[in-house]
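Written below as structure tokens is the structure these notes are about.
Hydrogens, waters and symmetry mates play no part in the numbers below; they use all other heavy atoms, side chains included.
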Amino acid sequence: MFIREAHGHALAIACTACLMYCNTLDGSFVFDDNPAITENADCDPLKSDIHDVWQNNFWGQKMASPTAQHASYRPVTTLTFRANTWLHGMNPWGFHVTNVMLHSVASILFYFVALEIHGSDTPRVVSLLAALLFAVHPVHAEAVANIVGRSEVLSCIFMFASFLSYARGCQGQSTNAFWMALCYICTTVAVLCKEQGITILAVCVVYDIMCLSAGDPLKVFLELDSEYVYQELLDEKIQQLRAKRLSPSDVLENPTKKNSGSHTEASDGQQTSDHASDDQSYSKQKTLPHPCENEHNAVPTKYFDPIPRIAVYVFVVGCVVQQRLLMNGDETFTVDEKTNPANHIEDFKLRTLTKGFYVTLHGWLLVFPYELCCDWSSYGIVNIESYRDVRIAAVALCAGVTIYLCWLALDISGSLPRVLRAKLATGIALVVFPFIPASGLLLEVGFVVAERVLYVPCAGWCFLLSLWAWHTWTRHGRGATGGDDDAVGVWTPRHALVAACVVLLLSYSATLW
């Protein structure tokens, strides 16, 4: 039943993604498509050897060469352009068809990523909602419609494959070496599609820690909370009872099944209290399954299991970054003022605020993707030159919302259920980490605002929307308002939520057309 439903959902997602972007098939080579494809000998099998692809940058220039203008190294993406040229020449139609198909694949993989993060306690239709939002989100227009944007889509595909492999590898009581190796292979390929692919391992680590610790990483690694440790001991006791085919309720109804002999009234009362605690813990496990529970519904209790995987993660990231820096050689690449004016602001604070406004604008495009632009450079956005600039308030608001969401995800005071916080933290990580390399806060980038760099972060945003929708749905369950919420003719919060989701999907779709 699950396989049949998953196949149906995947087909619906693929059809939706193709339908949204089929209007791009008649497009031609525009903007960066020309230097990266039509003018790049590496994309034509008749003009260059395939080995040149692994020695040149994305634009066909020798890596670390004094004449190289960019340090972008994306040989896997270039190989796909080369395959297109081999199949049908420089006909842009075939390139656009490939882009649309790859976007469909990415949308399907994101559906399974959302299934993995949401867990078995959430209906699969919630993951379907997240994938449909991702498939029709207007911010993808640049990455899908522009052929050169394929690097974003390809990298995203292998990033999702890496995440799924990582999640599969850390299920159960021990790490599966095969799936973890596959994770790092997919990550390497993602990096060879576009450099941001390395950030998926950071998302995997957040998911790993939040999953194995049930959303309380500080309590797990520091073991500072005695109540939390006591709760874990109760959970282990429940597992022992289940192994003996007994449930806590069975022991409550028939105390002699567990202990025979006479007991005093005081000891009986204490035993009942202990069983009641066990029963409450067991009920919580049933209603809030762990997001990384294995097929036997056993919650991992080895607190430090993530540490070896994180150590390998640090090693892999270090090797990839070191190799990438070696490929750049001693050459330094600077961005001219016209391409990114913020890089040339002398005042550090004003420069940081201007770049922060760029980040805020990227976030706004995720939330409200109705004012898109093919090119934001050439002084399209005025620098922040005074501390009285009202745009500073927008930067502060964006930072405040981000910090607040992170606090909700890491709050160990128990304001939100553990499982919900684990999902929230993973969704935030999927938004933030893939965007960091393109934010311009750590490295100079050759653009002001680029919608294409939001392709992967958009997945995290769509997941957070689906998480909010499901949380709202459960909070307004049947009988929550004191009556029958499903009665005919009665408008309920659930009806409003469904209508809002439909309107959002339709508005996104209308923007693309």
- [ ] For Tyr207 and Glu116, test the side chains for any donor-to-acceptor distance below 3.5 angstrom and give the result as yes or no.
- [x] yes
Open item on the list: Can you confirm whether Trp86 is buried at CH2, in the sense that more than 12 heavy atoms of other residues, nucleotides or ligands lie under 6.0 Å from that atom?
Closed with: no
Task: Side chains of Ser466 and His118, donor plus acceptor under 3.5 Å - done: yes
Open item on the list: For a 4.5 angstrom cut-off between non-hydrogen side-chain atoms, does Val126 reach Trp473?
Closed with: no
- [ ] May I ask you to check whether Tyr73 and Phe58 place their ring centres under 6.0 Å from each other?
- [x] no
- [ ] For side chain to side chain contact (heavy atoms under 4.5 Å, CB included), just list the numbers for Thr78 and Ile37, CA-CA rounded to whole Å, side-chain angles, deciding distance to a tenth of an Å, and then say yes or no.
- [x] CA-CA 8 Å; Thr78 303; Ile37 302 174; over 6 Å; no
Task: Any residue meeting side-chain contact (heavy atoms from CB on, under 4.5 Å) with Ala141, in chain and number order, not counting sequence neighbours - done: Leu512
Open item on the list: Can a side-chain donor-acceptor contact be found between Thr122 and Lys423 if the only test is distance below 3.5 angstrom?
Closed with: yes
- [ ] Taking atom OH of Tyr370 as the centre, report whether more than 12 heavy atoms of other residues, nucleotides or ligands fall under 6.0 Å from it.
- [x] yes
Task: Exceeds 12 heavy-atom contacts within 6.0 angstrom, atom OH of Tyr404 - done: no
TODO: Only one of Asp33, Asn34, Asn84 passes side chain to side chain contact (heavy atoms under 4.5 Å, CB included) with Ile147; say which it is.
DONE: Asp33
Open item on the list: If we count only N and O atoms by modelled type, under 3.5 Å, do the side chains of Ser151 and Arg452 hold a donor and an acceptor together?
Closed with: no
Task: Close side-chain approach of Leu454 to Leu365, heavy-atom, < 4.5 Å - done: yes
Open item on the list: I'd like to check the ring-ring contact (aromatic ring centres under 6.0 Å, His included) partners of His344; sequence neighbours left out, ordered by chain and number.
Closed with: none
- [ ] Provide the closest heavy-atom pair for Leu441 versus Gly356 in the form atom of the first, atom of the second, distance.
- [x] CD2-N, 4.4 Å
Open item on the list: Check Lys349 with Asp347, please: is the shortest side-chain N to carboxylate O separation under 4.0 Å?
Closed with: no
- [ ] Apply the test salt bridge (Lys or Arg N to Asp or Glu O under 4.0 Å) to residues Glu195 and Arg74: give CA-CA distance (whole Å), side-chain angles for both, the deciding distance (0.1 Å), then the verdict.
- [x] CA-CA 8 Å; Glu195 294 78 3; Arg74 304 162 190 174; 3.2 Å; yes
Open item on the list: Salt bridge or not between Glu346 and Arg351? Use side-chain N to carboxylate O under 4.0 Å.
Closed with: no
- [ ] Establish, yes or no, whether a centroid distance under 6.0 Å links the rings of Tyr21 and His140.
- [x] no
Open item on the list: Please enumerate all residues that pass ring-ring contact (aromatic ring centres under 6.0 Å, His included) together with Phe110, with sequence neighbours excluded.
Closed with: Phe134, Phe160
Open item on the list: If we ignore hydrogens and angles and just use 3.5 Å, is the side chain of Glu451 paired with the main-chain N or O of Glu142 as donor and acceptor?
Closed with: no
TODO: Go through the side-chain N and O atoms of Lys62 and Asn57 and say whether any donor and acceptor fall under 3.5 Å apart.
DONE: no
- [ ] Specify whether Phe29 and Phe95 have parallel, tilted or perpendicular ring planes, treating 30° as the upper limit for parallel and 60° as the lower limit for perpendicular.
- [x] perpendicular
